[in-house]
**Q** 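For reference, the structure I am asking about is given below.
Numbering starts at 1 and runs along the sequence shown. Quick caveat, the model's predicted, so the values are computed rather than measured.
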Amino acid sequence: MELTSAPLHKGQVPWRGLLLAALLLAYWNSPVSAQVTVEAVPTHVAEGANVLLQVHNLPTTLQVFYWYKGDTLADSNEIARFIISSSTNSTGPAHTGRETIYQNGSLLFQNVMQNDTGTYTFHMLTANFDNPTKSLQFYVHAPLPKPNITSNNSNPMEGEDSVALMCEPETQNTVYLWRINGQSLSEGDRLKLSIDNRTLTLLTVVRTDTGPYECETRNLVSTSRSDPLTLNITYGPDVPIISPSDTHFQSRTNLSLSCHAASNPPAQYSWSVNGELQASSQELFIPNITTNNSGSYTCLVHNSVTDLNRTTVKNITVLEPVTPPSIQVANTTFKELESVSLTCDSQDIGISIRWLFNGQSLGLTDRMKLSENNSTLSIDPVRREDSGKYECEVSNPVSSERSNPIQLNIIPDPTQGSSGLSAGAIAGIVVGCVAGVALIAALAYFLYFRKTGRSGPL
């Protein structure tokens with residue numbers, strides 16, 4: 001049997017259309033309610049601090065809400081409830097006196113303890129019997145204690161010992177970091193860290209590994225750092241250095257020598273001269289020395305912990321100061337082109353000799369020669385420019401003296417000219433000059449007669 005639609009009378013509306021319109025209007029006008037959410041602020045909290053359990057998007061139909069400890073709604077787990085209509089609250093069996101409930105749904109925990117860590121449940125009763133439940137968690141961490149560093153070797157020896165530094169105490173969920181001289185430290189050729197970073201091992205320590213070292217502990221809520229630890233690394237002694245570096249000293253002065261060697265603990269010092277012990281100190285002082293004090297000076301250093309010895313030897317020579325020399329010469333006046341010999345006479349030995357001309361160090365020319373020990377200066381041939389004051393200076397490593405000056409006078413040779421040119425060259429220059437003058441006179445004479453119109457002599 002087919003169903004047919006009855007004809008519509010004018011002004012009538014189909015009932016199915018009315019129903020659809022009503023459903024659409026209801027959908028369009030119904031508010032879209034946001035999802036209720038809960039969160040702990042913060043999720044990780046230090047023991048003794050506060051944490052707030054917040055609720056977002058409370059429904060308008062809310063009548064009562066509850067907070068429970070744990071994930072079940074047992075009466076014994078109720079912390080507190082809030083009644084919207086009367087704006088009143090009441091506490092439950094799980095209330096500790098540190099929780100405060102607020103009208104906006106939040107629950108404040110004050111002075112939290114580690115046993116507060118766990119799950120908390122928010123439960124609601126609404127007018128439309130939609131009673132949702134939400135849960136959250138937060139975690140309470142004990143504040144980190146101040147760490148300290150322990151060492152397995154209190155006096156390691158350079159080049160021989162290794163040292164293990166441990167950051168104490170061991171705590172759960174903790175990150176360990178190390179610093180040396182205030183800078184972050186990481187593994188290297190001689191530095192090794194344990195898997196948990198609690199132990200730092202220094203392989204074959206050297207003197208620069210003294211530190212200071214610090215260890216730092218961190219967790220999600222706190223940071224703590226140890227007091228610095230400095231290692232006492234024994235080393236040395238190194239080869240000693242004797243000061244001053246001079247090896248020659250003047251007699252009748254005071255000799256003061258000092259010896260130093262890097263060492264920990266500080267080295268013990270002793271001095272010997274020519275094999276005989278002189279002093280057990282870092283300094284050696286001998287007043288008013290003579291040439292008899294020349295010899296071998298030895299500084300010996302000893303480290304009582306490493307039981308090592310080192311020595312340095314300095315050979316010292318004590319010299320008498322030189323006496324003033326004198327210049328020996330046959331004459332002080334010479335004719336140009338003659339030969340001259342000047343001799344520096346000194347009674348001292350082991351000296352150096354140098355010559356001076358007019359107060360400046362003498363520059364040798366191809367006409368000058370010095371003897372093997374520089375004591376004799378020969379000039380051959382001598383020229384007028386060699387006239388001047390001559391001095392000789394003698395010196396040893398501790399003193400120097402100059403002679404009185406000798407004035408050499410060189411009589412010029414007329415055939416040499418003042419310029420030092422040969423006689424033929426000078427004669428050529430004279431002839432050239434005379435010819436030039438004659439040519440200029442003739443030219444002037446010719447120009448004069450040409451201007452006056454008179455004829456010159458035939």
**Q** Inspect the contact between Asp116 and Arg98 and indicate whether a charged nitrogen and a carboxylate oxygen are less than 4.0 angstrom apart.
**A** yes

**Q** Going by ring pair (Phe, Tyr, Trp, His ring centres under 6.0 Å), Tyr120 matches just one of Phe109, Tyr66, Tyr139. Which one?
**A**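 Option passing the ring pair (Phe, Tyr, Trp, His ring centres under 6.0 Å) with Tyr120: Phe109.
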
**Q** Quick one: does Asn303's side chain have a donor or acceptor within less than 3.5 Å of a partner on Ala267's backbone?
**A** no

**Q** With distance as the sole test, does Asn152 use its side chain to make a donor-acceptor pair with the main-chain N or O of Ala164 at under 3.5 Å?
**A** yes

**Q** Is the count of non-hydrogen atoms from other residues, nucleotides or ligands lying under 6.0 Å from Gln114 atom CD greater than 12?
**A** yes

**Q** Under 3.5 Å, is there a donor-acceptor pair linking the side chains of Thr217 and Ser224?
**A**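 Short answer, no.
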
**Q** Please say which of Thr119, Ile79, Thr133, Asn77 ends up in a side chain to side chain contact (heavy atoms under 4.5 Å, CB included) with Tyr68.
**A** Asn77

**Q** Check the pair Arg218, Tyr176 against side-chain contact (heavy atoms from CB on, under 4.5 Å), reporting the backbone distance first and the verdict last.
**A** CA-CA 7 Å; Arg218 295 180 180 178; Tyr176 295 87; over 6 Å; no

**Q** Step through the shown structure and confirm whether more than 12 heavy atoms of other residues, nucleotides or ligands are within 6.0 Å of NZ on Lys369.
**A** no

**Q** Verify whether one side chain among Asn373 and Ser375 offers a donor that lies under 3.5 Å from an acceptor in the other.
**A**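 Yes, a side-chain donor-acceptor pair sits under 3.5 Å.
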
**Q** Determine whether Leu53 and Phe138 satisfy the following criterion, side-chain contact (heavy atoms from CB on, under 4.5 Å), listing intermediate values before the conclusion.
**A** CA-CA 9 Å; Leu53 309 185; Phe138 67 85; 3.7 Å; yes

**Q** Quick one about Glu283 and Ser258 (side-chain donor to acceptor, distance below 3.5 Å, no hydrogens or angles considered), yes or no?
**A**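 The answer is yes; a qualifying pair exists.
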
**Q** For Thr247 versus Asn315, what's the shortest heavy-atom pair and its separation?
**A**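 Smallest interatomic distance, heavy atoms only, reads CB-O, 3.5 Å.
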
**Q** Check Ser151 against Leu231 and note the closest heavy-atom contact, atom names and distance.
**A**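 Heavy-atom minimum between the residues: OG-CD2, 4.3 Å.
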
**Q** Any side-chain donor paired with an acceptor under 3.5 Å for Glu39 and His56?
**A** yes

**Q** Look at the side chain of Glu401 and the backbone N and O of Thr323, then say whether any donor-acceptor pair between them is shorter than 3.5 Å.
**A**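 Not a single qualifying donor-acceptor pair exists.
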
**Q** Step by step, would you call Thr121 with Ser135 a side-chain hydrogen bond (donor to acceptor under 3.5 Å, both in side chains)?
**A** CA-CA 4 Å; Thr121 301; Ser135 295; 3.1 Å; yes

**Q** Would you say Ile241 has more than 12 foreign heavy atoms packed within less than 6.0 Å of its CD1?
**A**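 Result for CD1/Ile241: open.
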
**Q** Looking at every non-hydrogen atom in both residues, tell me the closest pair between Asn148 and Cys215 and how far apart they are.
**A** O-SG, 4.5 Å

**Q** Can we say Glu320 and Arg252 salt-bridge, meaning some charged N sits less than 4.0 Å from an Asp/Glu carboxylate O?
**A** yes

**Q** Decide, yes or no, whether a salt bridge links Asp246 with Lys314 under the criterion of side-chain N to carboxylate O below 4.0 Å.
**A**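 Salt bridge absent between Asp246 and Lys314.
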
**Q** Should the ring pair Trp67 and Phe122 be called parallel, tilted or perpendicular, given that the plane angle runs from 0 to 90° and is split at 30 and 60?
**A**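 The arrangement is tilted - the two ring planes meet at 30° to 60°.
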
**Q** Taking ring-ring contact (aromatic ring centres under 6.0 Å, His included) as the cut-off, I'd like each qualifying pair that reaches into residues 332-387, sequence neighbours left out, listed once.
**A** Phe357-Tyr390

**Q** Grab the two heavy atoms, one from Ile410 and one from Lys335, that are nearest each other, plus how far apart they are.
**A**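 Smallest heavy-atom distance, with atoms named: CG2-C, 4.3 Å.
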
**Q** Do Asn181 side-chain atoms and Gln183 backbone N/O form a donor-acceptor pair below 3.5 Å?
**A** no

**Q** Give a yes or no on whether the backbone of Ser222 and the side-chain of Asn219 come within a donor-acceptor separation of less than 3.5 Å.
**A**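 The answer is yes, because a donor-acceptor pair under 3.5 Å joins these two groups.
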
**Q** Please report the shortest heavy-atom distance between Ala94 and Glu99, naming the atom on each side.
**A** O-OE2, 4.2 Å

**Q** Hey, does the side chain of Asn274 reach the backbone of Gly295 with a donor-acceptor pair shorter than 3.5 angstrom?
**A** no

**Q** In terms of side-chain heavy atoms, does Asn197 have a donor or acceptor partner in Ser194 at a distance below 3.5 Å?
**A** no

**Q** Nearest 0.5 Å please: distance from the CE atom of Met368 over to the CG atom of Leu377.
**A** 6.5 Å

**Q** Is a side-chain N or O of Thr91 found less than 3.5 angstrom from the main chain of His95, in a donor-acceptor match?
**A** no

**Q** With distance as the sole test, does Asn264 use its side chain to make a donor-acceptor pair with the main-chain N or O of Tyr235 at under 3.5 Å?
**A**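 Checked: no pair found.
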
**Q** Does the distance from a Lys or Arg side-chain N to an Asp or Glu carboxylate O, for Arg383 and Asp413, drop under 4.0 Å?
**A** no

**Q** Do Arg190 and Asp209 meet the salt-bridge criterion of a basic N to acidic O distance under 4.0 Å?
**A** yes

**Q** Does the side-chain hydrogen bond (donor to acceptor under 3.5 Å, both in side chains) test come out yes or no for Glu78 and Ser76, once each step is laid out?
**A** CA-CA 6 Å; Glu78 182 184 342; Ser76 59; over 6 Å; no

**Q** So which atom in Ala40 and which in Val51 form the shortest heavy-atom distance, rounded to 0.1 Å?
**A**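 Shortest heavy-atom separation between Ala40 and Val51 comes out as CB-CG2, 4.3 Å.
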
**Q** For Glu391, is there an ion pair with Lys389 - N to carboxylate O distance below 4.0 angstrom?
**A**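 Looking at Glu391 together with Lys389, the answer is no, because their closest N to O distance does not fall below 4.0 Å.
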
**Q** Does any N or O in the side chain of Ser251 come within less than 3.5 Å of the main-chain N or O of Val318, such that one atom is a donor and the other an acceptor?
**A**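 Answer holds: no.
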
**Q** Is it true that atom CD of Gln407 has more than 12 heavy atoms of other residues, nucleotides or ligands lying nearer than 6.0 Å?
**A** yes

**Q** Measuring from atom CG of Asn374 to atom OG of Ser371, what distance do you get when rounded to the nearest 0.5 angstrom?
**A** 6.0 Å

**Q** Give the intermediate values and the outcome of side-chain contact (heavy atoms from CB on, under 4.5 Å) for residues Ile316 and Phe249.
**A** CA-CA 7 Å; Ile316 288 178; Phe249 296 86; 3.6 Å; yes

**Q** Does the Thr343 side chain pair with the main chain of Asp345, one donor and one acceptor, at a distance under 3.5 Å?
**A**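 No: the side chain of Thr343 does not pair with the backbone of Asp345.
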
